[in-house]
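Just so it is clear, the model here is predicted, and its values are computed rather than measured.
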Amino acid sequence: MKNRVLTGVFLAFSLVLSACTGGGNVPSEQSQTNEPAPSGEQAGSGQDQAAAKTELIVAAEQEPVGFDPHKVPAASSARIYALVYDTLTKLDENLNLIPHLAEKWETSDDGKTITVTLAGGVKFHNGKDLTAEDVKYSFERILNPDTGSVAKSYFASLESVEVKDPATVVFHLKHPDAAFMANTSSATTAIVPVGAGDLTTETAGSGPYMLEKYESGQYVLMRKNPNYFKPELGKFETIKFQIMKDEAERLAAIRAGKVDISSVSADSATLLKKSQGVEVKSYQSLEYSYLGINVKKKPFDDPRVRQAISYAVDRNQIVQTVWKGEAELTGPIAPAAKGWAVDPARYDSYTPNLEKAKALLAEAGYPNGFETQIDTAATYPDMIETAQVIQQQLLGIGINAKINQLEWGNYIDVWKSKDMTLMVGRNTSGVDADRSMRFFFHSEGSANVWNYANPAYDELVEKALVTVDENERRKLYEQAQIMLVTEEVPNLFLASPKNFYAVRDNIDFSPSAAGESFALVRASVK
C-alpha cells in the first residue's frame, strides 16, 4: 500500500516555483508558533547520547504544498520527497554526477541510445521490487502533458523508453543529449511505481525515509526505510520537520536544543556564531535571486525598457543590503557551477548607468518613466528586501513600482499564470548548464513563465544540448548567457547567496550544494 498522509489537505499544483528556497527569516505576522518536541536526549555525551538519540529534528520555515515529485518542485515540498523517492543519479558534495538507482549506463557511439543498468535489491516502501517497468512508467508520466510535470522539458530529446529486462532500461533519443543523465539527478525526476495515482497527498517511493505523518502547520514526520538498498544511509530512525515560519522562533529553538538543524539568514548566522552549543555552517549555493519580467506586457515587450532597468539596478547594493555581503554577483548560471558561468565582470550593464538607462527609456517612448508593480513572496524576507531595494533604485529613472506581497500559495499561482508584470524570486542552477539555459528560457522550457521566445536563443541552447565536445558546448552557452543578459533581458540576474545552517554541536551535518537531503541521510550524532 502507498503511504497515505494522515492529516492535511494539499492544493494540487501542476507547476510551482521551480526553485524557491527557504533561506532568510520570515515575518512574524506570517508565522504561527508551535512548541516543538524535545530534540531527543540532549543530556549526556559520547556513546550514551548517540545511543539515546534516534530522532533528528529540522526546523522547516515553510509548509510543503504537495508531495508529487513530478508536479511540485517547490523547495518546501522537495526537501520532503527527496527523502521519500529515489532518482537514477545523484550529485555528490563536489557536484559530481554519481550512480544511484542507475548502477551504470552506456551511451551509443551516435549518442542516441542510453542503456541503464539498475541497482539490485531496490524495493518500494510497499515491498514491491523497483524494476525497469517503473522507470519506463515514470518517464512516460513526466512526458505526459496531462501530468503537467515541471521536468518535462528536461527530456524533450526522449523518443521512447524500452524495457530490455527487469534490470535494464534503454532510452532512445531523437538526437544526442549531453545533459540527459545529469538531468536525472533532479528530485523532480523521481522513479514512482507503475500505476501510481494521486501523489499529491500520498507517497509511493523507494527512498531512505517513508512519510509517516503530516500535521498541517505543525510537522512532517519521516521514518527510516528498514529495507533501503543503501543501508549505510539514514542514521536516524526518524526525521521530523518542525514547521516554524518565524526565524526568531527557529533561532530560539536551535539555541535551546529543541531542534537540531535550521537554515538561517546571513544576519542570524552572525548572531549564532557566539551561541553555546551551536555551530554555523555555510556553502556557496547554486541558487540565484532574480527580477523576472513578463516580456509580453507593455512596456516590457520592448527590450530597451528591460535593458534600461538592468542599467538602473545596482546589483552590488543588493549583495550588500540583502545578503550582507554573503553572496556573489551572478548571471543566468550561478558562479558555483564552475566552468559554465560567464564572469559577471563581462556584463556592461552590471555597472549602474542611470544616464544610459534614461536614454534607453526615452528611445522606447518613456522619457518620464511609468508606473508598474513588483510581486514578491510575503514569507521570504530576502525577496521582500530585494523588491524594496529595486523599487528605490528604479525611482532614479522615473519608474514608480508598487510592491505587492503575496501569500505563498498566491505567489505560486501568479508565477504559474504567466500573467505577472515584474516578480522577484529565486532559482537554482543545475550542475549542467542545460537546466539554467533551456529549462528556464527556451520558448518551450517548463519553467519559462516570462513568455520569452527567441528563435535565435532556442537554436543556441538546442545546439549546445546535442554537442558532445564540452569546449564547444561552453562556447555556445557563453553566447546564450551574453544574449540573455545584455540583449534580451527576460530576467535581471542579481545575486547568488551563501546558504547558512545552524547545527547543534552534537550533530554531524555537512550541508553542500548537492542538496539538503544528501546531507540529512548522512547526518549522525557525534
- Check whether any side-chain heavy atom of N506 sits under 4.5 Å from a side-chain heavy atom of K53, and report yes or no. yes
- Message: Can you tell me how far apart OG (S262) and CZ (F500) are? Round to the nearest 0.5 Å.
- Response: 13.5 Å
- E215/K240 under salt bridge (Lys or Arg N to Asp or Glu O under 4.0 Å): CA gap, chis, key distance, verdict: CA-CA 11 Å; E215 287 285 354; K240 176 185 277 189; over 6 Å; no
- Query: Hey, does the side chain of S429 reach the backbone of S436 with a donor-acceptor pair shorter than 3.5 angstrom?
  - Reply: no
- K338 side chain reached by L95 side chain, heavy atoms, under 4.5 Å: no
- Item | Stepwise salt bridge (Lys or Arg N to Asp or Glu O under 4.0 Å) check, K526 with D505 | CA-CA 8 Å; K526 290 181 179 177; D505 62 6; over 6 Å; no
- Task: Identify whether the distance between the nearest side-chain nitrogen and carboxylate oxygen of E93 and R522 falls below 4.0 Å.
- Result: no
- Checking side-chain contact (heavy atoms from CB on, under 4.5 Å) for the pair V424/Y380: CA distance, chi angles, key distance, verdict? CA-CA 10 Å; V424 167; Y380 289 105; over 6 Å; no
- Item | Side-chain heavy atoms of F509 within contact of L520, under 4.5 Å | yes
- Query: If we ignore angles and hydrogens, is there a donor and acceptor under 3.5 Å between the side chains of T147 and R141?
  - Reply: no
- Task: Kindly indicate whether the side chain of L329, heavy atoms from C-beta on, has any atom under 4.5 Å from the side chain of V319.
- Result: yes
- Query: Between P511 and Y501, which heavy-atom pair has the shortest distance, and what is it?
  - Reply: CB-CD1, 3.6 Å
- Query: Is the side chain of S310 donor-acceptor paired with the backbone N or O of R306 at a distance under 3.5 Å, no angle test?
  - Reply: no
- Query: Backbone N or O of Y154 within a donor-acceptor pair of the R438 side chain at under 3.5 Å?
  - Reply: yes
- List the atom of M210, the atom of N225, and the distance in Å for their closest heavy-atom pair. CE-CA, 4.0 Å
- Task: Would you check if there is a donor-acceptor pair between the side chains of E488 and Y457 at a distance under 3.5 Å?
- Result: no
- Task: Drop me the distance from I243's CD1 to E61's CD, to the nearest 0.5 angstrom.
- Result: 10.5 Å
- Message: Among T372, L422, D419, which residue satisfies the side chain to side chain contact (heavy atoms under 4.5 Å, CB included) criterion with K297?
- Response: D419
- Message: Using 0.5 Å steps for rounding, measure from the CG atom of N183 to the CG atom of L97.
- Response: 10.0 Å
- Item | Test side-chain contact (heavy atoms from CB on, under 4.5 Å) applied to V313 - qualifying residues, sequence neighbours left out | I309, R315, I318, I390, Q393, L394, L492, L494
- Query: Does a side-chain N-to-carboxylate-O contact under 4.0 Å join D382 and R426?
  - Reply: yes
- Check for a donor-acceptor pair, side chain of R250 on one end and backbone N or O of K245 on the other, with a separation under 3.5 Å. yes
- CH2 on W323 to NZ on K498, rounded to 0.5 Å: 13.5 Å
- Say whether S153 and E444, considering side chains only, have a donor N or O and an acceptor N or O under 3.5 Å apart. no
- Pairs touching residues 246-280 that satisfy ring-ring contact (aromatic ring centres under 6.0 Å, His included), sequence neighbours left out: none
- Do E328 and S496 have a side chain donor and acceptor closer than 3.5 Å? no
- Task: Kindly compute the distance separating OH (Y350) from CG (N316), expressed to the nearest 0.5 Å.
- Result: 10.5 Å
- Message: Once rounded to the nearest 0.5 Å, what's the spacing between atom CD of Q284 and atom OG of S512?
- Response: 12.5 Å
- Indicate yes or no for a side-chain donor-acceptor contact from N448 to the backbone of H442 under 3.5 Å, with no hydrogens or angles considered. yes
- For the residue pair L286 and A334, what are the closest heavy atoms and their distance? O-CB, 3.4 Å
- Query: Under 6.0 Å between the ring centres of F441 and F493?
  - Reply: yes
- Message: For a ring pair (Phe, Tyr, Trp, His ring centres under 6.0 Å) check, start with the C-alpha distance between F440 and W450, then their side-chain angles and the critical distance, and finish with the verdict.
- Response: CA-CA 9 Å; F440 290 120; W450 316 112; 9.3 Å; no
- Would you check, one step at a time, whether the test side-chain contact (heavy atoms from CB on, under 4.5 Å) holds for F155 with T184? CA-CA 9 Å; F155 306 114; T184 68; 4.0 Å; yes
- Message: Minimum heavy-atom separation for T189 and A151, please, with both atom names.
- Response: CG2-CB, 4.1 Å
- Message: Evaluate I254 against R504 for side-chain contact (heavy atoms from CB on, under 4.5 Å), listing each step before the verdict.
- Response: CA-CA 7 Å; I254 193 75; R504 292 298 302 179; 4.1 Å; yes
- Item | Ion pair check, E385 and K324, cut-off under 4.0 Å | yes
- Provide the closest heavy-atom pair for S76 versus E63 in the form atom of the first, atom of the second, distance. OG-O, 2.9 Å
- Query: Do Y209 and T238 pass the side-chain contact (heavy atoms from CB on, under 4.5 Å) test, and can you show the C-alpha distance, the side-chain angles, and the key distance before you say yes or no?
  - Reply: CA-CA 8 Å; Y209 282 85; T238 56; 5.9 Å; no
- Query: Hey, are T379 and Q62 close enough side-chain-wise for a donor-acceptor pair under 3.5 Å?
  - Reply: yes
- Query: Do you know which of D302, V305, I399, I397 makes side chain to side chain contact (heavy atoms under 4.5 Å, CB included) with Y366?
  - Reply: V305
- Message: Taking L406's backbone N and O only, do any of them form a donor-acceptor pair with D375's side chain (distance below 3.5 Å, no angle check)?
- Response: no
- Message: Are there over 12 heavy-atom neighbours, none belonging to K402, within less than 6.0 Å of that residue's NZ?
- Response: no
- Message: So, using ring-ring contact (aromatic ring centres under 6.0 Å, His included) as the criterion, who are the partners of F236 when residues are at least two apart?
- Response: none
- Query: Does one side chain, of S265 or D267, offer a donor that lies under 3.5 Å from an acceptor on the other?
  - Reply: no
- Item | Main-chain N/O of Y477 paired to Q481 side chain as donor or acceptor, under 3.5 Å | yes
- Task: For Q307 and S349, test the side chains for any donor-to-acceptor distance below 3.5 angstrom and give the result as yes or no.
- Result: no
- Note on the structure: Between V278 and A502, the two heavy atoms sitting closest are CG1-CB, 4.0 Å
- Message: When you measure from the side chain of T203 to the backbone of G205, do you find a donor-acceptor pair of N or O atoms at a distance under 3.5 Å?
- Response: no
- Task: Measure from the side-chain N and O atoms of S517 to the backbone N and O of R79, and report whether any donor-acceptor pair falls under 3.5 Å.
- Result: no
- Ring geometry between Y81 and Y85 (parallel below 30°, tilted from 30 to 60°, perpendicular above 60°): perpendicular
- Checking K152 side chain against S446 main chain: does a donor-acceptor pair fall under 3.5 Å? no
